[in-house]
Engineer: 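Before we start, here is the structure in question, set down as structure tokens.
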Amino acid sequence: MTSTQRGPRLDAAREALERLVVDVPDFPEPGVVFKDITPLLADHAGLSAVVEAIADAGRDADGATVVDKVVGMEARGFILAAPVALALGAGFVPVRKAGKLPRGAHAVSYALEYGEATLELHHDAVAPGERVLLVDDVLATGGTVRAARELVEACGATPVGVAVLLELGFLAGRDAVGDLPIHSIAVI
């Protein structure tokens with residue numbers, strides 16, 4: 001599923017991405033083009049535009065919030081998910097890299113575009129039955145989102161959608177995400 005959202009907020013967010021995201025070739029390794037969002041984060045209007053556009057993925061057609069928690073994936077997902085949670089009046093939950101959480105946690109390993117990783121989520125981070133929006137900066141191969149989904153489901157909560165700044169369409173990350181609606185500000 002793809003978001004069909006249209007309107008001035010999405011247009012403003014797309015303009016901010018085009019203007020402020022910088023491509024860095026061969027980082028973190030040869031052949032990878034890193035999308036540097038730090039100029040976007042430093043621009044108040046740009047950051048505000050993308051936060052509001054992402055938050056729309058957690059609202060119904062009338063603008064009412066339909067999620068209880070917003071989960072952000074380490075590390076750049078944290079930066080986006082926390083203000084999205086505030087905009088929605090929902091809680092923020094970090095999904096961390098292995099060994100970063102101080103209490104009992106579920107763990108899922110997955111493949112990245114250029115390696116492997118493990119993500120963790122506290123056992124009590126989301127409650128059974130809670131509705132969760134998954135937020136990250138980029139949807140690439142889909143492994144990070146799939147791992148986060150599995151972690152949320154292990155807690156008994158229900159992922160209701162995925163929201164990202166950028167989707168790298170050539171990597172077919174949607175295939176790994178499954179049936180969750182995906183809200184991408186831009187697909188490249």
Side-chain angles (χ1 to χ4, degrees), residues 1-5 10 13-14 17 21 23-37 40 50-51 53-58 66-67 69-82 84-85 92-98 100-101 105-122 125-126 130-188:
M1 267 183 151
T2 304
S3 170
T4 57
Q5 174 199 10
L10 184 59
R14 285 183 174 153
L17 290 178
V21 173
D23 286 349
V24 181
D26 299 321
F27 184 84
E29 62 182 53
V32 175
V33 177
F34 185 82
K35 299 294 184 182
D36 183 6
I37 66 168
L40 173 70
V50 298
V51 165
I54 291 171
D56 282 342
V66 296
V67 298
K69 299 277 174 61
V70 176
V71 166
M73 281 71 91
E74 189 163 339
R76 296 186 304 172
F78 293 174
I79 297 167
L80 299 168
V84 166
F92 164 71
V93 177
V95 168
R96 301 294 314 265
K97 292 179 182 172
K100 300 288 185 178
L101 293 174
H106 298 287
V108 173
S109 295
Y110 64 101
L112 292 166
E113 179 183 354
Y114 46 85
E116 290 188 8
T118 299
L119 292 179
E120 296 181 340
L121 179 67
H122 276 133
V126 292
E130 285 188 313
R131 299 159 301 161
V132 177
L133 176 64
L134 305 173
V135 173
D136 208 355
D137 61 329
V138 175
L139 175 62
T141 62
T144 303
V145 171
R146 184 179 63 235
R149 178 185 189 164
E150 290 176 21
L151 291 168
V152 166
E153 290 171 341
C155 292
T158 303
V160 298
V162 177
V164 297
L165 288 177
L166 298 168
E167 179 180 344
L168 306 181
F170 61 93
L171 291 176
R174 286 178 175 268
D175 296 342
V177 173
D179 61 351
L180 283 179
I182 299 172
H183 174 92
S184 304
I185 293 176
V187 179
I188 55 172

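Along the sequence shown, residues are numbered consecutively beginning with 1. All values below were derived from every heavy atom in this structure, side-chain atoms included, with hydrogens, water molecules and symmetry-related copies excluded.
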Engineer: Just to verify, what does A117 make a side-chain contact (heavy atoms from CB on, under 4.5 Å) with, not counting sequence neighbours?
Structural biologist: Y110, L112
Engineer: Passes salt bridge (Lys or Arg N to Asp or Glu O under 4.0 Å), E120 versus R96? Steps please.
Structural biologist: CA-CA 5 Å; E120 296 181 340; R96 301 294 314 265; over 6 Å; no
Engineer: Can you sort out the partners of T118 under side chain to side chain donor-acceptor pair (under 3.5 Å), two or more places apart, ordered by chain and number?
Structural biologist: S109
Engineer: Side chains of D136 and T144: closer than 4.5 Å at any heavy-atom pair?
Structural biologist: yes
Engineer: Just to verify, what does H122 make a ring pair (Phe, Tyr, Trp, His ring centres under 6.0 Å) with, not counting sequence neighbours?
Structural biologist: none
Engineer: Taking only residues two or more places apart in sequence, or in another chain, which ones meet D137 in a side chain to side chain donor-acceptor pair (under 3.5 Å)?
Structural biologist: R76
Engineer: Give me the atom names and distance for the closest heavy-atom approach of A157 to V126.
Structural biologist: CB-CG2, 3.6 Å
Engineer: Taking side chain as C-beta onward, heavy atoms only, is V160 less than 4.5 Å from V67?
Structural biologist: yes
Engineer: Using the side-chain contact (heavy atoms from CB on, under 4.5 Å) criterion, which residues pair with A163? Sequence neighbours excluded.
Structural biologist: I54, A57, L133, V135, H183
Engineer: Tell me every residue that passes salt bridge (Lys or Arg N to Asp or Glu O under 4.0 Å) with E130, counting only those two or more places apart in sequence or in another chain.
Structural biologist: K69
Engineer: As a quick check of understanding, evaluate side chain to side chain contact (heavy atoms under 4.5 Å, CB included) for L134 and L180, giving each step before the final call.
Structural biologist: CA-CA 10 Å; L134 305 173; L180 283 179; 4.0 Å; yes
Engineer: Suppose we screen for salt bridge (Lys or Arg N to Asp or Glu O under 4.0 Å). Which residues come up paired with D23, at least two apart in sequence or across chains?
Structural biologist: K35
Engineer: Who pairs with V108 by side-chain contact (heavy atoms from CB on, under 4.5 Å), at least two apart in sequence or on another chain?
Structural biologist: A147, E150, L151
Engineer: Under the criterion side chain to side chain contact (heavy atoms under 4.5 Å, CB included), I'd like the reasoning laid out for V162 against V177: C-alpha separation, chi angles, the key distance, then a yes or no.
Structural biologist: CA-CA 9 Å; V162 177; V177 173; 4.0 Å; yes
Engineer: So which heavy atom on D26 is nearest to which on P30, and how close?
Structural biologist: OD1-CA, 3.5 Å
Engineer: Measure from the side-chain N and O atoms of E167 to the backbone N and O of L139, and report whether any donor-acceptor pair falls under 3.5 Å.
Structural biologist: no
Engineer: Just how far is it from atom CD1 of I188 to atom CZ of F170, taken to the nearest 0.5 Å?
Structural biologist: 6.5 Å
Engineer: Should C155 and V152 count as side-chain neighbours, where that means a heavy-atom distance under 4.5 Å?
Structural biologist: no
Engineer: Which pair of non-hydrogen atoms, one from L168 and one from A140, has the smallest distance, and what is that distance?
Structural biologist: CD1-CB, 4.0 Å
Engineer: If you take all heavy atoms of F92 and G72, which pair is closest and at what distance?
Structural biologist: CE1-N, 3.9 Å
Engineer: Given L80 and L165, is the side chain to side chain contact (heavy atoms under 4.5 Å, CB included) satisfied, shown in steps?
Structural biologist: CA-CA 9 Å; L80 299 168; L165 288 177; 3.7 Å; yes
Engineer: Closer than 3.5 angstrom, by distance alone: can the side chain of R14 be matched with the main-chain N or O of I185 as a donor-acceptor pair?
Structural biologist: yes
Engineer: According to salt bridge (Lys or Arg N to Asp or Glu O under 4.0 Å), who are the partners of R149, at least two apart in sequence or on a separate chain?
Structural biologist: E153, D179
Engineer: Yes or no on side chain to side chain contact (heavy atoms under 4.5 Å, CB included) for L17 and V50, after CA distance, side-chain angles and deciding distance?
Structural biologist: CA-CA 8 Å; L17 290 178; V50 298; 4.3 Å; yes
